[in-house]
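Below is one structure; the comments refer to it alone.
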Number of protein chains: 2
Amino acid sequence: MELTDKMQAFVMHCGEMGSRWGFNRTIGQMYALLLISEEPLSANELSQTLHISRGNVSMGIKELNSWQLIATRHKPGDRKEYYQPAGSIWQMANRVFEQRRKREIDPTLSLLRDNLLDEPRDQQERYAQQRLLEIHDLLEMITEWASELQRLSPEKLSTLMKLGAGVSKILDFRDKLSPKDRTES
Amino acid sequence: MELTDKMQAFVMHCGEMGSRWGFNRTIGQMYALLLISEEPLSANELSQTLHISRGNVSMGIKELNSWQLIATRHKPGDRKEYYQPAGSIWQMANRVFEQRRKREIDPTLSLLRDNLLDEPRDQQERYAQQRLLEIHDLLEMITEWASELQRLSPEKLSTLMKLGAGVSKILDFRDKLSPKDRTES
DNA sequence: AGGTACTTTCAGAACATAATGAACATTTGG
DNA sequence: CCAAATGTTCATTATGTTCTGAAAGTACCT
């Protein structure tokens, strides 16, 4: 498969950013390429277009699958597998957030929980636990909030985001109108 | 400096998570240690407690400074520098988000912008640009939304987050009450 | 000036991660 | 059943990242 310069540039950029986004260079390139190509691509096409080994592609596919970022397609009379991005850009972003939360936050949260179960033995530990508690509460709030957002429909999310700073006004508004109605949950 | 087992465990955990959070093992450990110790620590104390070289500590300090995560303190009659976490946990989380946004999103956003300035030359490019546009809009919305949130006071943010799913209700509420008032910005 | 207490830098070693490609496994059509 | 086409695995190689420690730098004393 032939790429125009601009497409090349995008694919290579995604490769460079790959590791920052939680996967590696080739996986970034592979996903970028699948995203911008109208037709699903086979493993061989990926390998040839990106100049990476067939084995590497296979491992990359496996990883992208585990992130639920691609779907497999078949063409009639062809036993090759063809790959294409799974779902909309929104869904993709959701998946990436979720996966990263699992890797970057959940383990820490569970360590903190365990730690906070024990009584502190001295002043030093008392101080430390206080700090851990703050982090714990923050992380917990972030994960809960994130999963609430994920549960919202894309339209509502979009409304909420476009609202931007307006959110602040709405909060004031609500407090003035119905102070009893404050959330307790 | 002596650490209890639990404090050890936390520090080591942060080391392991370090690279997932955007810095490296020793930097994660250093920051964790500073967070849970009541007194500011000197570079030597960090080096000895964590069993890492003095040079490594120096580089770590530099990096933590660039993330604006630590503050330098001095004790009277002592020329050593002592380090402690800068600001509250909230501020720390803010800083980390911001830094990561700069590294993980901004470069892509600017590549996409450049790319979208050019006219597509053929069908293949037309399709690709369509996809890039979607990503661009998504990323832009995320960064704008994120900076709005950062601008909110911690109290309001907290209210908003505790609200959780309630956000959805408020959106409905607003739409019913004052449909003309929809945000245009 | 010279000495001491501290910090920073950076080349190279140690370690960690990713990529290759040949061997192995699987599926399908004949 | 065999052979061809495709997919997967994994030991080895290649690349990238982090850490060390010795040397150089800085600031402050007397």
Side-chain angles (χ1 to χ4, degrees), chain A residues 1 11-34 40-67 70-84 100 103-104, chain B residues 1 11-12 14-34 40-67 70-84 103-104:
Chain A
M1 189 185 168
V11 169
M12 290 303 134
H13 173 85
C14 290
E16 282 146 27
M17 300 300 281
S19 50
R20 298 193 187 178
W21 276 97
F23 23 77
N24 65 30
R25 187 164 58 91
T26 40
I27 290 178
Q29 293 177 350
M30 285 171 58
Y31 189 64
L33 182 50
L34 291 175
L41 302 177
S42 69
N44 275 326
E45 286 169 317
L46 286 169
S47 164
Q48 286 159 23
T49 311
L50 300 173
H51 305 286
I52 59 183
S53 76
R54 193 60 193 62
N56 201 358
V57 169
S58 179
M59 291 191 299
I61 295 289
K62 206 169 133 193
E63 180 80 0
L64 284 170
N65 256 320
S66 85
W67 287 67
I70 54 172
T72 305
R73 290 273 166 284
H74 288 274
K75 294 189 183 180
D78 185 343
R79 14 200 201 92
K80 278 199 287 295
E81 302 200 302
Y82 289 83
Y83 306 98
Q84 73 181 169
R100 291 185 71 170
R103 290 158 197 234
E104 299 176 1
Chain B
M1 187 184 169
V11 170
M12 290 304 135
C14 291
E16 282 147 26
M17 300 300 282
S19 49
R20 298 193 187 176
W21 276 96
F23 21 78
N24 66 30
R25 187 164 59 92
T26 40
I27 290 179
Q29 293 177 349
M30 286 171 57
Y31 189 64
L33 182 50
L34 291 175
L41 302 177
S42 70
N44 275 326
E45 286 170 315
L46 286 169
S47 164
Q48 285 158 22
T49 310
L50 300 174
H51 306 285
I52 58 182
S53 76
R54 191 61 190 64
N56 201 358
V57 170
S58 179
M59 290 191 299
I61 295 290
K62 203 170 136 194
E63 180 78 2
L64 283 170
N65 255 321
S66 85
W67 286 67
I70 55 172
T72 304
R73 290 274 165 282
H74 288 274
K75 295 189 182 182
D78 186 345
R79 349 204 215 102
K80 277 198 288 297
E81 302 202 302
Y82 290 82
Y83 306 99
Q84 76 182 167
R103 291 158 197 233
E104 299 176 0

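Proteins get letters first, then strands, A, B, ... in listed order; numbering begins at 1 in each. In what follows, every heavy atom counts, from backbone to side chain, and hydrogens, waters and symmetry copies are set aside.
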Query raised in the report: Just how far is it from atom NE2 of B/His74 to atom OG of B/Ser42, taken to the nearest 0.5 Å?
Result: 12.0 Å
Could you state the atom-to-atom distance from [atom1] of [X] to [atom2] of [N] in whole Å?
{"X": "A/Met30", "N": "D/dG7", "atom1": "CE", "atom2": "C1'", "answer": "13 Å"}
{"X": "A/Glu81", "N": "D/dA5", "atom1": "CD", "atom2": "C1'", "answer": "13 Å"}
{"X": "A/Ile61", "N": "D/dG7", "atom1": "CD1", "atom2": "C1'", "answer": "11 Å"}

Query raised in the report: Taking all atoms of both residues into account, what is the closest heavy-atom pair of B/Trp67 and B/Trp21, and its distance?
Result: CH2-O, 4.1 Å
Query raised in the report: How far apart are the closest heavy atoms of A/Ala32 and A/Val11, and which atoms are they?
Result: CB-CA, 4.0 Å
Report summary line: 5' to 3', nucleotides 19-30 of chain D under a 4.0 Å protein heavy-atom cut-off (B base, S sugar-phosphate only, - none) gives SBB-----BS--
Are the side chain of [X] and the backbone of [Y] linked by a donor-acceptor contact shorter than 3.5 Å?
{"X": "A/Arg100", "Y": "A/Gly22", "result": "no"}
{"X": "A/Arg103", "Y": "B/Arg20", "result": "no"}
{"X": "B/Ser47", "Y": "B/Ile52", "result": "yes"}

Report summary line: On DNA chain D, more 5' by nearest nucleotide between A/Asn44 and A/Ser19 is A/Asn44
Query raised in the report: When you look at NZ of B/Lys75, are more than 12 heavy atoms from neighbouring residues, nucleotides or ligands closer to it than 6.0 Å?
Result: yes
Requested in this report: Kindly determine whether B/Ile61 and B/Met30 satisfy side-chain contact (heavy atoms from CB on, under 4.5 Å), including the steps that lead there.
Outcome: CA-CA 8 Å; B/Ile61 295 290; B/Met30 286 171 57; 3.7 Å; yes
Query raised in the report: Which nucleotide of DNA chain C is the first, and which the last, in the 5' to 3' direction, to come under 4.0 Å of a heavy atom belonging to chain A?
Result: C/dA18 to C/dT28
